[in-house]
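What you see is a predicted model, and the numbers here were worked out from it, not measured in a lab.
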Amino acid sequence: MSEVVLKKPRKVVKKFQARPQHEGEGAVVRRSIGRYELKYFDPFLLLDEFSVTSPAGFPDHPHRGFETVTYMLQGAVKHEDFEGHKGTIKAGDLQWMTAGRGIVHSEMPAGEGTQKGLQLWVNLSSKNKMIEPKYQELQSNDITFVSRDGVEVRVIAGESMGAQSPVYTRTPTMYLDFTLSPSAHVRQSIDPTWNAFVYILEGEAVVGVEGSCPMGPHNVLLLGHGDGLEVWNRSTRSVRFVLIGGEPLGEPVAQLGPFVMNTQEEIDQTVNDYRYYINGFEKARHWRSEALIGIDDY
C-alpha cells in the first residue's frame with residue numbers, strides 16, 4: 001500500500017492490557033503508561049483512555065514540568081484554567097497543553113452521556129520545564145487527514161503518508177491515529193532513535209510481524225528498535241489504533257503526582273510554590289473553576 005521502505009521493521013517487545021481504575025472525581029480511566037507495569041517510557045509519562053459521565057470529571061488540579069495532550073474520541077469536555085483560558089474539546093478535537101512552570105485547570109464533561117478520549121503526558125526537558133504555559137488547539141476539521149488504499153490516518157503530530165501536522169512538539173513527538181479497513185496494511189517510518197508504542201482502540205490488529213497473533217482493544221504494545229512499523233488488518237471489520245513515538249530525553253525523572261521535575265529538590269520546591277501560590281502559581285490563590293463555583297466546601 002505504501003511507498004515506505006523499511007530496512008528493520010520494529011517488533012513488539014512488551015504488551016499488556018490497560019485495565020480500568022478510578023481517577024479524578026468519579027471518572028474511570030484505562031491507564032497503560034504510568035502504572036506499575038510501565039512507570040515511564042521516555043519521554044512519555046502517562047497514557048489514559050478516559051471515560052467520564054457527569055457529574056464525574058477532573059475538577060481543579062495543577063500541573064508542572066510536562067505537556068498534556070487531550071484527544072477526544074466521543075462526546076466533549078469543557079476545560080478552563082486560572083489564566084482565563086476556557087473552551088470545549090469535542091470529538092476529534094485536540095488540545096496540546098504545555099503546563100511548563102505551572103497551570104491549574106479543570107476538565108469536566110460537556111453534555112449528556114459518556115465522554116471518551118485519550119490523554120497523553122509528554123515530559124519536557126530540564127530547559128523547558130519552567131517555560132510559560134502555552135496551548136495548541138485544533139478542531140477536528142483542522143487535523144491533517146489522509147486516506148489511501150483502505151488506510152486512513154489523522155496526523156496529530158509528526159508526519160505520515162506525505163502529510164504533516166502543524167503542531168509544534170517541544171519534545172519531538174509523533175502521534176498518529178490510524179484506521180485500517182479489512183485486508184488493509186500500512187508501513188510507517190519511525191525515527192530509529194525514538195521510543196514508540198501502539199495503543200489499540202477498536203478491532204484487532206496484527207502488529208510488527210505478519211504472522212503474529214492479532215491484538216484487541218485496550219492493549220498497549222511497546223516496540224523494539226527499528227526504522228518503522230508494519231500493521232495488518234486480517235479481520236472482517238475495521239481496526240483503529242494510535243501509534244505514538246518520541247525522542248527520549250535521557251534525563252532523571254522525579255515525579256509527585258501532577259508535578260514532574262528532574263530532582264527531588266525541584267519537587268520539594270514545586271510543592272512549596274503551589275502551597276504558597278508563588279513562582280507560577282500566583283493566580284491559583286483566588287481561582288476556582290466555574291464547575292466548582294456554587295459547590296459547598298467541606
Side-chain angles (χ1 to χ4, degrees), residues 2-16 18 31-35 37-49 65-71 94 96-98 118-129 136 143-144 146 151 153-178 186-201 205-209 212 215 219-231 241-253 255 260 262:
S2 169
E3 300 88 2
V4 174
V5 176
L6 302 179
K7 295 182 179 178
K8 186 182 178 183
R10 296 187 181 219
K11 297 179 181 178
V12 176
V13 295
K14 185 175 181 179
K15 58 188 177 184
F16 59 89
R31 180 162 298 169
S32 48
I33 297 173
R35 51 181 291 148
E37 295 99 335
L38 185 63
K39 292 295 293 180
Y40 183 51
F41 190 49
D42 195 2
F44 304 112
L45 297 153
L46 174 146
L47 179 68
D48 279 351
E49 181 182 1
F66 60 98
E67 299 181 305
T68 69
V69 183
T70 304
Y71 181 47
L94 169 74
W96 199 294
M97 184 187 83
T98 303
L118 297 174
Q119 186 165 98
L120 175 73
W121 289 10
V122 184
N123 202 4
L124 288 169
S125 65
S126 56
K127 67 180 180 181
N128 285 326
K129 284 189 176 297
Q136 298 177 82
I143 292 178
T144 304
V146 182
V151 176
V153 62
R154 306 186 85 226
V155 187
I156 298 166
E159 185 175 351
S160 181
M161 293 170 62
Q164 190 154 1
S165 167
V167 171
Y168 170 67
T169 58
R170 286 163 185 80
T171 301
T173 305
M174 68 181 300
Y175 190 148
L176 307 174
D177 175 7
F178 282 103
V186 65
R187 289 191 193 99
Q188 171 65 42
S189 59
I190 304 171
D191 188 307
T193 65
W194 288 15
N195 286 330
F197 68 93
V198 166
Y199 186 80
I200 300 175
L201 294 169
V206 175
V207 180
V209 177
S212 61
M215 299 300 297
N219 277 291
V220 61
L221 313 174
L222 304 188
L223 305 176
H225 299 296
D227 60 353
L229 177 69
E230 291 192 77
V231 181
F241 62 92
V242 292
L243 169 60
I244 298 174
E247 182 177 47
L249 296 174
E251 296 181 354
V253 174
Q255 180 172 359
V260 183
N262 295 107

Between [X] and [Y], is any pair of side-chain heavy atoms under 4.5 Å apart?
X	Y	value
S165	V155	yes
L45	I33	no
Q255	W121	yes
V253	V260	yes
Y175	V167	no
L46	F66	no
L223	L229	yes
S160	F178	yes

Kindly indicate, with the supporting measurements, whether the criterion side-chain contact (heavy atoms from CB on, under 4.5 Å) is fulfilled by F41 and L47.
CA-CA 10 Å; F41 190 49; L47 179 68; over 6 Å; no
Shortest non-hydrogen contact from [X] toward [Y]:
X	Y	result
Q119	T70	NE2-OG1, 2.9 Å
W194	P248	CA-CD, 4.0 Å
K14	E37	NZ-O, 2.8 Å
N262	P252	ND2-O, 2.9 Å
A157	L176	O-CD2, 3.7 Å

Spacing of [X] atom [atom1] and [Y] atom [atom2] [to the nearest 0.5 Å]:
X	Y	atom1	atom2	answer
K129	L124	NZ	CG	6.0 Å
M174	E247	CE	CD	13.5 Å
R170	E67	CZ	CD	5.5 Å
L243	L221	CG	CG	10.5 Å
K15	S32	NZ	OG	15.5 Å
L6	E230	CG	CD	5.5 Å

With sequence neighbours excluded, residues passing salt bridge (charged side-chain N to carboxylate O under 4.0 Å, His left out) with R154
none
Ion pair present between D227 and K8, side-chain N to carboxylate O less than 4.0 angstrom?
no
Stepwise side-chain contact (heavy atoms from CB on, under 4.5 Å) test for V69 and T173
CA-CA 11 Å; V69 183; T173 305; over 6 Å; no
What residues form a ring pair (Phe, Tyr, Trp, His ring centres under 6.0 Å) with W96, not counting sequence neighbours?
none
F44: ring pair (Phe, Tyr, Trp, His ring centres under 6.0 Å) partners, not counting sequence neighbours:
F197
The test is side-chain contact (heavy atoms from CB on, under 4.5 Å); show your working for R10 and I190 and say whether it passes.
CA-CA 9 Å; R10 296 187 181 219; I190 304 171; 3.6 Å; yes
Step by step, work out the side-chain contact (heavy atoms from CB on, under 4.5 Å) result for T169 and V122.
CA-CA 9 Å; T169 58; V122 184; over 6 Å; no
For the side chain of D42 and the backbone of L249, is there at least one donor-acceptor N/O pair under 3.5 Å apart?
yes
Can E251 and S125 be counted as having a side-chain donor-acceptor contact under 3.5 angstrom?
no
